[in-house]
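Single-structure report; data block below.
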Amino acid sequence: MTMEIPKQYEPAATQGRIYRRWLEKGCFAARPDERRERYVIMMPLPNVTGALHMGHAMDNVMQDLLIRWHRMRGDNTLWMPGIDHAGIATQAIVEKFLFETEGKTRNEIGREALVERIWAWKGEQEKQIISQQQQMGCSCDWDRHRFTLDPVCVAAVREAFFRLFRDGLIYRGDRLVNWDVHLQTAVSDDEVYKETVQGHFWHLEYPVVDPRPGEPEKVAVATTRPETMLGDTAVACHPDPRGELERQLEEARTAGDRKEVERLEERIRDHLPLLQTLTEMAADGRTVMLPLAEREIPLILDEWAKPELGSGCVKITPAHDPNDYEVWQRHRDRIGIVNILESDGTLNASAGAYRGLDVPAARAAVVAALTERGLLARVEEREMEVSHSDRSKTPIEPYLSRQWFVRMGDVEGGVVLGRGTGREFAAPGLAQAALDAVDPRWRSASGRNLSFYPDAESYGAIYRNWLEEKRDWCISRQLWWGHQIPIWHGSLSPERLADLLDGMPAPEEGLAWVWVGDADGRQLPPRDALAAADADEELEVQVCLRAGDAEEELAQRLLGHGLERDPDVLDTWFSSALWPHSTLGWPDPEILGDAARGPTGEDLLSYYYPGSCLVTGRDIITLWVVRMIIMGLYNLGDVPFTDCFVHATILDGKGETMSKSKGNGIDPSAIIDRYGADAMRYQICNLQTGAHYARLPVQAVCPSYDPGTHPEELIDLGEAEHGKTLHGDDNLFTYLCPHCGIEFDVSGTLARLPRATIVSDRFEVGRRFCTKLYSATRFALLNLDGYRFRPLGRADLAAEDVWILSRLSCAIDEVTAQLAAYNPSAALSAARGFFWDELCDWYLEMIKPRVRDEGASSVALQVVSTVLDQVLRLLHPFLPFVTEELWSRLAERAPQRGIRQPLATTEMLIEAPWPGGEPEWRDVEVEREFELLHLAIRAVRDLRAQHGAPARKPLEAAVRAPEQVASRLRRHREHLLAQAALAAVEIGPDVEPPAASTARVEGEMEIYLSGLVDRAAEAERLTAQLGELEERAAATRARLANEQFVTRAPAAVVEGERTKLAQLTDEIDRVTRRLSDLRG
RNA sequence: GGGCGGUUAGCUCAGUCGGUCAGAGCACCUGCUUUACACGCAGGGGGCCACUGGUUCGAGUCCAGUACCGCCCACCA
């Protein structure tokens, strides 16, 4: 009774059904149990800003690969999925959407309404993201799916913040930040990109106050942002212009830069005297009059002024330029800091008459006023790089504002990490603790540290270089979407502060923590501040409340004392930094309710923390990995994972990163629809070779493709022409189909054009592999009627059975080793090689005669079933769907597989034990015999092909070879006959070639094939072979003639060369003999 | 300017300790409708290992420099 087995594997019909079975059976669920081997991956959180792309696919497939592998190895395996609220990015998208659809801004609808809309948006995105991940086959524990604004995550954020604040590691300071005027928020350096724009360089002149004879009347400065002059508080000159210029001159001479040498010499001659005068004036405490503002500002000495550039003097605007800010910090006793901007980007009261103007208007007004006064010397056209916010795509204004920071540098007295956990330790500071964690000598209390894979050195360098700067981390964002900062602050008189403190719980109670801060970020205990304060001083009081029952009442009390809740929210990375432990219920796992504990009663946090591996891309190392390490160490005293697996960044065929706006981004769903999820996974694993980047050429599916009339379906975007814009320029978002000429859109922004799906034909490879696997298994299934397992000993097995089991054993070891080394491409290639090149191409062909003979088929079928069983297990982590499908079909026909005894098996492959490799299957001698056999068969096939003989025409052959080779070949005469399609063969050291035969010399054998006489062709081939052999022999001979080689190279290498030469000489003899036979 | 990479077959990439390492897949060429698979089978062609030096008996492999390409960070009065 043969059941129907479809001829083709249909991914679309299979994937959903298989995935549902895994879900229904709870295969992904993780609970603490008695197993000691655990494997934990915390999913890097996709943002709720939009659907997943190929980069996420790479990330998720790599994780699923590791998770499935470890699950099969029997580890208690947790893959925690989730999504990130991605504060700025999400709010920006929803605000944009709100504006485009309803024409409203956030201020018009208010905080509550906006947040509500973002939640709705999040719900939509979440659905789509989870659906995409499930299509890919991700086997995460969906019941534990978390969102970074979940109550569980909120609790962790509140607790972590409280502890950092209490330890003095969070402070509020005046800092120059990248201000996004449009979103009215500070953005981190990481969220800023540069764009080259055409701008101007204005040369301004400030009058010197009371110039003395010989002194200049004006000082020239230059700027690209003239409106900032209203905030100038000094003009700087270099303290030693001559020394500096001469140093530069020397450098230019060394470098041989003649133009620069000339320029500097001229400058020293013409300009240095003025600079020296200015330096003297600055040293003398002289001032200039700041025009328009009519403020007297000092000349100061600072090395930030570059005597070789411009006028040699530089205006100092501490509040609006990062470098000037640093100058101010060096001279804060003498110069002030003037902020001229409001948070909405208009000028404030400090700008006097210009108050209320936005930056462009103020710039125009300032330029006009200076021109009128003759203080604008000249204007240059100039290209310049302007910082833009990655989120709103608008220019950044450097802006002085009060922000919250986490102190990353070393602090006096050090930092205690993991307080109260039993893994407590001290470090000089947070950044240093994270640096220590990658030191190979460092170990946490549990014996762990952090390493990067597969390239520990270069990825480690990225991590270390970034941390070594120990820059404080700005964690406040002026947004509505996120974790609101749990601080109440305000300015209080000492009297009111004392009043407030009387009503607060004692610090030891751990309900609230109070600091009195200053603008420099210093924090004093309130009682000390009170003691030091004057009665009329205003003190900045900062109170952090711990989440809990008392919070509400305390908050009311603080409000009653005139404090306000800080409206800012936390940087997104603050909550994601806690991800590895917040999701496990830190600080109190009971928050997870019933899900908190397993059958053994152990809680999630203590069972699954620290985890195992973080899988991510290299751009995330500094943004996220660093911060997870810091927060894990700080809260729990241990690294959140020991391995950081950094996978390749996927680029398109031109080497550009993929993005929607470029139109080269691939939606994984499009690939899955077209090629199947396993095909996608196959190719993704192939791409992960260990390189930092992987190119994936992309094509568009022509929207007007029709199999009847349109020759090609796919259009290579690297070669296709762009459409034209209305102005006749190339439109980067549209392309023309080279076959039908139709213009189409790749970004989805142009509704008037048909939209093309972006795919890559590289996934074809994966689809073919799935088909091959399906087809080979089908072969076995079609022959398995009446199959029954019986224990087999070595004596029951045919030689090819022993061979394939031996090869299988090697393949299992190789795949396992490569996976352990984070080498998915090599692991898959080993599995592929065994399955395709050995199992399909040789073994299945060799057993066909046995399979056809019903009386003799049972052993072969049992071996085939066993080998397929193991192959499906090996391939499952890579190709979960097709292997699971075939597993159940195999189980129907052959419920028990194995050789000596049945293999341990399970209903579903996802739970089946990983193959361990069977040492007793290994047989080196049989492998050697089959190598020789394959060599002989290939030689015969090649001879046929060379001479144009039909592949199946039975011919007579002879193999002349030394007895040790001949005897091995003779054992497999039947295979030689069948696979090389021979009618007869003689094998031995002295066999005579059949009459009218043609020959090949192949290593140690000479192979003769009758009935294919073409002396010319054979002679030509042999002559070429002879040339090659002689070349190699000559090279080897030369090497051996080199006394240096013989004396210095290792003996084994020299011996190897000698053997090689002997073999080559022998082969040359035989080829020569054959050639002379042919000619004679 | 600082850091991290890359350059090997037409394309995408392997190549571990310096010594049978000139490799794979795709594409290409020649045969083949061989009852698992034409998404296949059998066979084949194709490379100055970016360039220049150096170390070494021996260099895709180690070192230095050059060119080009990418990413991150900094700077740009």
Side-chain angles (χ1 to χ4, degrees), chain A residues 5 7-9 189-190 194 201-204 220-225 228 235-236 304-306 309-317 321-324 382-386 455 457-459 461-462 464-466 469 618-619 621-622 649 651 653-657 679 683 686-687 689-697 718 761-762 764-765 767-783 821 825-826 829 832-833 840-841 844-845 848 852 938 941-946 948-952 981 1032 1036 1039 1042-1050 1052-1054 1056-1057 1060:
Chain A
I5 301 163
K7 242 189 133 174
Q8 293 279 318
Y9 170 60
D189 291 345
D190 305 316
K194 308 281 183 166
F201 203 45
W202 280 274
H203 294 261
L204 318 181
V221 292
T223 179
T224 56
R225 299 186 297 150
T228 60
V235 168
W304 172 234
K306 308 284 182 224
L309 289 177
S311 68
C313 298
V314 55
K315 64 197 266 306
I316 302 298
T317 323
D321 184 285
N323 298 300
D324 295 2
R382 179 168 169 162
E383 263 188 8
M384 53 193 175
E385 301 249 285
V386 175
D455 180 353
E457 263 174 51
S458 68
Y459 293 129
I462 294 173
R464 277 190 300 271
N465 283 342
W466 193 86
E469 292 182 38
R618 79 190 212 139
D619 51 332
I621 293 173
T622 50
T649 302
L651 309 175
K654 292 186 231 171
E656 292 181 35
T657 50
Q683 187 57 10
N686 251 346
L687 288 174
T689 60
H692 289 212
Y693 300 95
R695 286 188 191 207
L696 184 65
D761 59 8
R762 298 301 159 113
E764 192 67 45
V765 187
R767 191 173 66 166
R768 287 189 199 174
F769 184 80
C770 293
T771 306
K772 184 76 176 176
L773 182 63
Y774 185 84
S775 161
T777 312
R778 184 170 175 271
F779 167 74
L781 295 172
L782 289 172
N783 289 290
S825 169
S829 155
R832 194 215 92 96
C840 293
D841 289 352
L844 293 186
E845 294 306 323
K848 275 179 181 173
R852 289 194 194 108
R938 284 210 180 94
R941 286 172 177 169
D942 191 20
L943 272 174
R944 278 179 194 275
Q946 293 299 323
R952 313 289 315 161
R1032 286 171 59 194
T1036 311
R1039 203 167 299 160
N1042 181 344
E1043 205 174 314
Q1044 299 277 19
F1045 172 72
V1046 179
T1047 50
R1048 296 203 192 180
V1053 173
V1054 177
E1057 289 294 309
K1060 191 167 100 186

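This one's a predicted model, so the numbers in the text were calculated from it and none came from an experiment. We name chains A, B, ... by the order of the sequence lines, and we start the count at 1 in each one. All heavy atoms count here, side chains included; hydrogens, waters and symmetry mates do not.
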> Quick one: are Asn686(A) and Gln683(A) in side-chain contact, heavy atoms under 4.5 Å?
Replying inline: yes
> Within this structure, what is the NZ-to-P distance between Lys315(A) and rC76(B), rounded to whole angstrom?
Replying inline: 13 Å
> Taking for each residue the nucleotide of RNA chain B with the nearest heavy atom, is it Asp942(A) or Glu457(A) whose nucleotide lies nearer the 5' end?
Replying inline: Glu457(A)
>> Which is it for rC29(B), anti or syn, if anything within 90° of zero counts as syn?
In response: anti
> When the C1' atoms of rC28(B) and rC11(B) are considered, how many whole Å apart are they?
Replying inline: 12 Å
>> Can you classify the ring geometry of His692(A) versus Tyr459(A) as parallel (below 30°), tilted (30 to 60°) or perpendicular (above 60°)?
In response: parallel
> Considering only heavy atoms from C-beta outward, does the side chain of Arg778(A) approach that of Leu782(A) to under 4.5 Å?
Replying inline: yes
> Which atom pair, heavy atoms only, marks the closest approach of Ser825(A) to Thr689(A)?
Replying inline: OG-CG2, 3.6 Å
> When you compare rU61(B) with rA50(B), how far apart are their C1' atoms, in angstrom units rounded to a whole number?
Replying inline: 16 Å
> With a non-hydrogen cut-off below 4.0 angstrom, is Asn323(A) in contact with a base, only sugar-phosphate, or nothing?
Replying inline: sugar-phosphate
>> Can you give me the dot-bracket string for RNA chain B, 5' to 3', counting Watson-Crick and G-U wobble pairs with both distances under 3.5 Å, using [ ] for crossing pairs and | for partners on another strand?
In response: (((((((..((((.....[...)))).(((((.......))))).....(((((..]....))))))))))))....
> Is a side-chain N or O of Arg944(A) found less than 3.5 angstrom from the main chain of Ala981(A), in a donor-acceptor match?
Replying inline: yes
>> Nearest to the side chain of Trp304(A), heavy atoms from C-beta on, is which of rC76(B), rG44(B), rG70(B)?
In response: rC76(B)
> What distance, rounded to whole Å, do you find between the two P atoms, one in rU16(B) and one in rG70(B)?
Replying inline: 27 Å
>> With nearest nucleotide decided by heavy atoms, which residue, Ala461(A) or Val1046(A), maps closer to the 5′ end of RNA chain B?
In response: Ala461(A)
>> What is the distance, to the nearest angstrom, from the CG atom on Asp761(A) to the C1' atom on rC28(B)?
In response: 15 Å
> Rounding to a whole Å, what distance do you find between Arg1032(A):CZ and rC21(B):P?
Replying inline: 11 Å
>> Nearest to the Glu469(A) side chain among rG19(B), rC73(B), rG25(B), which nucleotide is it?
In response: rC73(B)
>> Measuring only the P atom in each nucleotide, how far is rA38(B) from rG23(B)? A whole number of Å is fine.
In response: 31 Å
> Between Asp619(A) (CG) and rC73(B) (C1'), how many Å, whole number?
Replying inline: 14 Å
> Which part of the nucleic acid, if any, lies within reach of Arg225(A) when heavy atoms closer than 4.0 Å are counted: base, sugar-phosphate only, or nothing?
Replying inline: nothing
> Would a 4.5 Å heavy-atom cut-off, applied to side chains only, mark Thr657(A) and Tyr693(A) as touching?
Replying inline: no
> Between rC71(B) atom C1' and Glu656(A) atom CD, what is the distance in whole Å?
Replying inline: 13 Å
>> Once you apply a heavy-atom cut-off of 4.0 Å, does Val1053(A) come out as touching a base, just sugar-phosphate, or nothing?
In response: base
> Given the C1' atoms of rG45(B) and rG10(B), what is the spacing between them in whole Å?
Replying inline: 13 Å
>> If I compare all heavy atoms of Cys770(A) with all of Ala679(A), which pair ends up nearest, and what's the gap?
In response: SG-N, 4.1 Å
> In whole Å, what separates the C1' atom of rU34(B) from that of rG43(B)?
Replying inline: 15 Å
Output a table of nitrogen or oxygen pairs between the protein and nucleotides 9-17 of chain B separated by less than 3.5 Å.
unit_1  : atom_1 : unit_2    : atom_2 : d
rC11(B) : O2'    : Arg762(A) : NH2    : 2.6
rU12(B) : O4'    : Arg762(A) : NH1    : 2.9
rU12(B) : O3'    : Arg695(A) : O      : 3.4
rC13(B) : OP1    : Arg695(A) : N      : 2.4
rC13(B) : O3'    : Thr689(A) : OG1    : 3.2
rA14(B) : OP1    : Thr689(A) : OG1    : 2.3
rA14(B) : O5'    : Thr689(A) : OG1    : 3.4

>> Taking only the C1' atom of each, what is the distance from rC48(B) to rU7(B) in whole angstrom?
In response: 14 Å
> Are the side chain of Arg695(A) and the backbone N or O of Leu651(A) linked by a donor-acceptor pair below 3.5 Å?
Replying inline: no
>> How close do Thr317(A) and Thr228(A) get, counting heavy atoms only, and between which atoms?
In response: CG2-O, 3.3 Å
Quick test: give all pairs of protein nitrogen or oxygen and nucleotides 33-39 of chain B nitrogen or oxygen below 3.5 Å, distance rounded to 0.1 Å.
unit_1  : atom_1 : unit_2    : atom_2 : d
rA36(B) : OP1    : Lys848(A) : NZ     : 3.4
rA36(B) : O2'    : Ser775(A) : OG     : 3.1
rA36(B) : O2'    : Arg778(A) : NH1    : 3.4
rA36(B) : N7     : Lys848(A) : NZ     : 3.2
rA36(B) : N6     : Cys840(A) : O      : 3.4
rA36(B) : N6     : Glu845(A) : OE2    : 3.2
rA36(B) : N3     : Ser775(A) : O      : 3.3
rA36(B) : N3     : Ser775(A) : OG     : 2.9
rA36(B) : N3     : Ala776(A) : N      : 3.4
rC37(B) : OP1    : Lys7(A)   : NZ     : 3.2
rC37(B) : O4'    : Ser775(A) : OG     : 2.7
rC37(B) : O2     : Lys772(A) : NZ     : 2.8
rC37(B) : N3     : Lys772(A) : NZ     : 3.0
rC39(B) : O2     : Thr771(A) : OG1    : 2.6
rC39(B) : N4     : Gln8(A)   : OE1    : 3.3

> Across the strands shown, which category fits Pro1050(A) at heavy-atom distances under 4.0 angstrom: base, sugar-phosphate, nothing?
Replying inline: base
> Do Tyr9(A) and Leu773(A) have side chains that get closer than 4.5 Å, going by heavy atoms?
Replying inline: no
> Can you tell me how far P in rC72(B) sits from the matching atom in rU66(B), rounded to whole Å?
Replying inline: 24 Å
> Of all heavy-atom pairs between Thr224(A) and Trp202(A), which one has the smallest distance, and what is that distance?
Replying inline: O-CZ3, 3.6 Å
>> Can a donor-acceptor pair be found, under 3.5 Å and without considering hydrogens, that links the side chain of Asp942(A) to the backbone of Arg938(A)?
In response: no
> Which pair of heavy atoms, one from Ala236(A) and one from Ala305(A), lies closest together, and at what distance?
Replying inline: O-CB, 3.5 Å
>> So Cys770(A), base contact, sugar-phosphate only, or nothing? Heavy-atom distance under 4.0 Å.
In response: nothing
> Tell me: NE2 of His692(A) to P of rG6(B), nearest whole Å?
Replying inline: 6 Å
>> What is the distance, to the nearest angstrom, from the CG atom on Leu943(A) to the P atom on rA42(B)?
In response: 17 Å
> Tell me: CD of Gln946(A) to P of rG44(B), nearest whole Å?
Replying inline: 7 Å
>> As a test of the definition: with a 90° window around 0 for syn, would you call rG10(B) syn or anti?
In response: anti
> Which atom names give the shortest non-hydrogen contact between Lys315(A) and Val221(A), and what distance separates them?
Replying inline: N-CG1, 3.7 Å
